[in-house]
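Keep in mind it's a predicted model, so treat the numbers as computed, not measured. Each ligand, and each atom within it, is numbered from 1 in the order the structure gives.
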Amino acid sequence: MLGKINELTAEIGGLSANSAGEAEELRIKYLSKKGILSLLFDEFKNVPSQEKKAVGMALNQLKNSAHEKIETLKKQFNQQSDKGENIDCTLPGSPFPTGTRHPLSIVKNQIIDIFARLGYTVAEGPEMEDDWHVFSALNFPPEHPARDMQDTFFIGTNPDIVLRTHTSSVQVRVMEKQQPPIRAIFPGRVFRNEAISARAHCIFHQVEGLYIDENVSFADLKQSLLYFAKEMFGQDTRIRLRPSFFPFTEPSAEMDISCSLCTGKGCNMCKNTGWVEILGCGMVDPNVLENCNIDSKKYSGFAFGMGIERITLLKYRINDIRLLFENDIRFLEQFRTAH
Ligand code: PHE
């Protein structure tokens with residue numbers, strides 16, 4: 001008897017049905033009044049009394065598991081038919097989570113849009129570069145500290161192959177390929193061997209701008225940057241240009257904007273000065289034009305370069321650059337925008 005019960009337990013455990021009708025047939029076969037289990041219960045009275053306890057328990061277990069099994073077989077079809085028949089079309093749909101653009105992408109796209117209105121196109125260059133495009137063509141003397149191991153990541157042991165430390169390398173690539181007029185911006189990732197902190201990262205992003213034509217003046221540079229600052233940070237924004245130095249521009253300047261947080265009154269963000277630096281710029285050095293086979297007697301132009309992270313932190317009042325690289329969705333979800 002126990003052998004039979006075991007066999008049946010295995011048999012029922014392995015049952016399957018392809019329709020509600022088949023499941024009902026199985027119920028009749030095993031569990032109806034004249035079904036296989038009833039017959040087995042009938043036989044129970046013939047079991048010798050010393051085996052009754054064990055056989056009785058096994059029989060009850062079999063009955064329970066058979067009920068459960070048939071129930072699950074039936075349920076699968078009930079649920080399926082519910083789907084077809086009981087849909088309530090007036091219920092609101094289930095929400096569907098959509099992703100968000102990264103704040104750096106939002107700001108990069110805004111910068112591209114603003115300069116597109118001034119007639120700038122977009123170009124890109126490689127992140128892995130040679131010394132010529134990152135330094136030599138840009139008028140860096142051979143011993144310039146920016147080439148130092150401290151700042152530049154080299155690829156392998158070849159001192160000529162580097163990860164670009166600025167997007168100014170794309171100026172050279174574009175001027176080598178194209179004669180003026182040139183009016184374009186170059187967004188991209190740059191790399192510097194710097195310690196990571198709340199204000200600096202070893203990987204960040206820049207947008208470079210280049211405008212070369214006949215009779216381009218420093219006044220054109222200033223007016224273009226003023227337009228950009230107002231579009232990006234609001235129409236009340238003021239700018240100031242401070243004299244600076246870059247090997248590839250002459251004269252050179254750094255541009256500050258009036259602090260967007262305290263509007264010039266003085267706060268932590270602007271270190272109580274009322275101004276924050278956002279970019280470097282200047283008139284392209286004639287040596288750079290000549291290095292790219294552009295006639296520096298006929299043409300002049302300006303270039304500028306800004307950090308996308310810096311602008312993003314200012315615009316969204318974020319106090320730690322590392323938040324931009326942690327990819328914590330609780331942070332990223334806050335930047336739902338049309339961009
Ligand atoms: N390449 C400079 C930097 O990374 C910025 C710059 C670009 C300055 C173009 C002048 C002109 O700091």
Side-chain angles (χ1 to χ4, degrees), residues 104 108 111 115 118 120 122-127 129 131-141 144-148 150-153 162-175 182-194 199-213 216-218 220-226 228-229 239-257 276-289 291-292 294 296 299-313 321:
L104 291 175
K108 178 186 81 177
I111 298 172
F115 282 104
L118 294 176
Y120 286 73
V122 177
E124 283 182 0
E127 291 172 5
E129 265 291 9
D131 179 276
W132 170 254
H133 290 94
V134 180
F135 299 123
S136 297
L138 288 165
N139 208 28
F140 279 81
H144 194 282
R147 296 169 183 240
D148 202 299
Q150 307 260 302
D151 276 317
T152 308
F153 285 115
V162 303
L163 290 177
R164 64 180 178 194
T165 56
H166 53 184
T167 43
S168 301
S169 55
V170 192
Q171 288 187 35
V172 179
R173 292 210 168 256
V174 168
M175 287 192 283
I182 297 169
R183 199 189 301 172
I185 54 172
F186 321 127
R189 191 174 289 143
V190 300
F191 308 83
R192 286 184 201 174
N193 193 359
E194 273 177 29
R199 314 198 88 226
H201 212 282
C202 57
I203 301 177
F204 56 102
H205 301 78
Q206 290 185 329
V207 176
E208 189 88 6
L210 180 68
Y211 182 18
I212 311 281
D213 204 344
V216 177
S217 74
F218 200 93
D220 298 322
L221 168 62
K222 190 176 174 192
Q223 194 58 30
S224 307
L225 294 179
L226 177 63
F228 165 73
I239 62 167
R240 83 177 176 187
L241 291 165
R242 280 178 292 103
S244 183
F245 174 80
F246 300 102
F248 39 95
T249 47
E250 181 58 35
S252 304
E254 278 172 322
M255 184 175 97
D256 299 340
I257 57 164
V276 271
E277 183 207 320
I278 64 159
L279 57 80
C281 61
M283 301 307 289
V284 178
D285 193 301
N287 286 343
V288 176
L289 296 175
N291 284 340
C292 302
I294 289 177
S296 65
Y299 294 110
S300 60
F302 61 71
F304 54 84
M306 62 186 92
I308 304 181
E309 280 77 6
R310 167 61 74 88
I311 293 177
T312 307
L313 299 187
I321 194 172

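Taking the ring centroids of Phe246 and His166, they lie at or beyond the 6.0 Å cut-off. Close placement of the Phe115 and Phe228 rings is indicated, their centers lying within 6.0 Å of each other.
Between Asp131 and Arg147 there is a salt bridge, with a side-chain nitrogen of the basic residue lying less than 4.0 Å from a carboxylate oxygen of the acidic one.
Counting heavy atoms of neighbouring residues, nucleotides and ligands inside a 6.0 Å radius, atom CZ of Arg199 does not exceed 12 of them. Other residues, nucleotides and ligands contribute at most 12 non-hydrogen atoms within 6.0 Å of the CZ atom of Arg189.
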Exercise for the section: Apply salt bridge (charged side-chain N to carboxylate O under 4.0 Å, His left out) to the pair Glu277 and Arg310, showing each step before the final yes or no. Expected result: CA-CA 9 Å; Glu277 183 207 320; Arg310 167 61 74 88; 5.2 Å; no
Pairs under 3.5 angstrom, nitrogen or oxygen on both sides, ligand 1 versus protein: list them out, please.
unit_1: ligand 1; atom_1: 1 (N); unit_2: His166; atom_2: ND1; d: 3.1
unit_1: ligand 1; atom_1: 1 (N); unit_2: Ser168; atom_2: OG; d: 2.9
unit_1: ligand 1; atom_1: 4 (O); unit_2: Arg192; atom_2: NH2; d: 3.0
unit_1: ligand 1; atom_1: 4 (O); unit_2: Gln206; atom_2: NE2; d: 3.0

